Amino acid sequence: MKDEVTYRGLTFVPYITREEIDARIKEMGAQITADAAGKMPLFLCVLNGAFPFASELFMNFEGNAEIAFVRLQSYEGTSTTGNVKELLGLNTDIDGRHVIIVEDIVDTGNTIHRLISDLKTKNPASIKVATLLFKPEALQLPVKPDYVGFEIPQKFIIGFGLDLDGLARNLNDIYVIKGTD
Ligand code: IMP
Ligand code: MG
């Protein structure tokens, strides 16, 4: 872990370590394994940010499961545009499936809310949401994630999939803007 990292002139300091992330994802995997026993869930990874989390969560699920991907985007720089674009649609049939949406972070709730309403029209057996991070204070829509890795205050973070304009996703730890930590 580095003391500080800089992207686009913004300095970030460590916030959540990779060890803490890994330990929490193991717990979430065990919980989902217990809840989804015998159901063969479909993990639905929301690209791009959720891919490291989805990978680890999926590998910590024991039992039969599948994974699929959708690509959505609502952020520009460090703030939400409030306008969710579906960039790469779902081409897996979810009729009768137990879907577990896997997100990196639920912030305003716009992305998840939009995705859930889209998915509901495709007749799944159930929809659950697993998110690595959740900013409850930022929530603007009635969304309640079923599995939350870490609840955090309204701060901008990067790393482990989370980006600043496409960069910093490959940081192993999660960092927060310096001065807001
Ligand atoms: P929402 O639609 O406002 O809930 O935002 C969800 C999306 O915004 C996430 O999937 C992230 O891509 C992005 N996002 C929200 N907060 C942060 C953050 O602190 N850092 C990086 N990306 C974020
Ligand atoms: Mg995202």
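Remember, it's 1-based here, ligands and their atoms both numbered in the order they're listed. Residues: numbered from 1 along the sequence shown. Please read all numbers here as calculations on a predicted model, not as lab measurements. Computation of the quantities below employed the complete heavy-atom set of this structure, encompassing side-chain atoms and omitting hydrogens, waters and symmetry-equivalent molecules.
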* Asked: At a 4.0 Å threshold, what atoms of ligand 1 neighbour a non-hydrogen atom of D104?
  -> 9 (C), 10 (O), 11 (C), 12 (O)
* To do: Mark up the atoms of ligand 1 that fall under 4.0 Å of a heavy atom belonging to D163, in ascending order.
  => 21 (C)
Using a 4.0 Å heavy-atom threshold (strictly under), name the region of [X] that reaches ligand 1: side chain, backbone, both or neither.
X: V46; answer: neither
X: L162; answer: side chain
X: K155; answer: backbone

* Is the F12 ring parallel, tilted or perpendicular to the F156 ring (thresholds 30°, 60°)? -> tilted
Does the [X] side chain pair with the main chain of [Y], one donor and one acceptor, at a distance under 3.5 Å?
X: N60; Y: F58; result: no
X: Y175; Y: K2; result: yes
X: T33; Y: E62; result: yes
X: R24; Y: V148; result: yes

* Is it true that D22 and K26 make a salt bridge, defined as a side-chain N closer than 4.0 Å to a carboxylate O? -> no
* To do: Going by heavy-atom distance to atom 17 (C) of ligand 1, choose the closest among Q154, E103, K135.
  => K135
* Is I157 in polar range of ligand 1, meaning some N or O pair under 3.5 Å apart? -> yes
* So, does G109 sit close enough to ligand 1 that a heavy atom of it is under 4.0 Å from the ligand? -> yes
